[in-house]
Amino acid sequence: MKRNIVIAVVTAAALVGGGTATALAVSGDDDDASTSVTRTDDDRDDGDDRSDDDGDDRAATPGDVTAAGAIAAALKHTLGTAVSAERDDAVWEVDVLGTGDTWHSVRVDPDTGKVLGSSEDDEDDAAEVRAALKGASVTAEDAAKAAAAKGTVVSVDLDDDGDDRGWEAETRTSGGDERDWKVALTTASVTADRDDD
């Protein structure tokens, strides 16, 4: 009787907890020393999107979350417009402009794509950013994907100064060389940043 209660409780806990749960129940009866294992798996979306652009699932490797993936995760967590993403220390930092003058800094794990947390701040440059993005058809995520053809994107940021507005992306090659690129706000064309020469 005790064994059945333990198994029922462990099974219920595994089902309520969701995700992958493994539970082990060992009988307390002296005459019947049996072991029961309950395992549940489900396919719920936990925010860990590991598919490439073609939608094919692939195995994750450490640091596998791209700038575009980090931006997508941040926007899934926080509504708004992504304005920058930078790999800082051990996390992606994505700045999202919300409603009004509210900014959100969203931290994304580079190994799993899970949001680790976010903070909110009020800045006075929201109007300039909105003006720079007016008529733009290329998002920060689009810019990160476009610049990825040049190397691993380690940052993407909106350049809202002057007449040469666009996305700035920094890439790193497998040899460690860093380059800066401009990504057009309407065409996603990638050109070498003139200031990088």
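Model, not experiment: these values are computed from the prediction.
- Within the 4.5 Å cutoff, side-chain heavy atoms of D125 are placed close to those of W103.
- The closest side-chain heavy-atom distance from L75 to V96 is below 4.5 Å.
- Linking Ile, Leu, Val, Met, Phe, Trp and Tyr whenever their side-chain heavy atoms come within less than 4.5 Å leaves V153 and V91 in two separate clusters.
- Follow the hydrophobic side-chain contacts under 4.5 Å out from V94 and you never reach V154; the two are in separate clusters.
- E168 places a side-chain heavy atom less than 4.5 Å from the side chain of D193.
- The two residues E141 and A72 come nearest to each other via the heavy atoms OE2-CB, 3.8 Å.
- Between E128 atom CD and R165 atom CZ the span is 9.0 Å, to the nearest 0.5 Å.
- Transitive grouping of hydrophobic side chains (ILVMFWY, heavy atoms separated by less than 4.5 Å) brings V83 and W92 into a common cluster.
- Rounded to the nearest 0.5 Å, atoms CZ (R179) and OG1 (T171) are 7.5 Å apart.
- Following chains of ILVMFWY side-chain contacts shorter than 4.5 Å, one can reach V65 starting from V115, so the two form part of one hydrophobic cluster.
- By the 4.5 Å heavy-atom criterion applied to side chains, I71 and V156 are counted as neighbours.
- Put simply, CG on L133 and CG on L158 are 5.0 Å apart, with the number rounded to the nearest 0.5 Å.
- Expressed to the nearest 0.5 Å, how far CG of D180 lies from NZ of K150 amounts to 13.5 Å.
- Distance check, rounded to the nearest 0.5 Å: NE2 of H104 to CG of L79 gives 8.5 Å.
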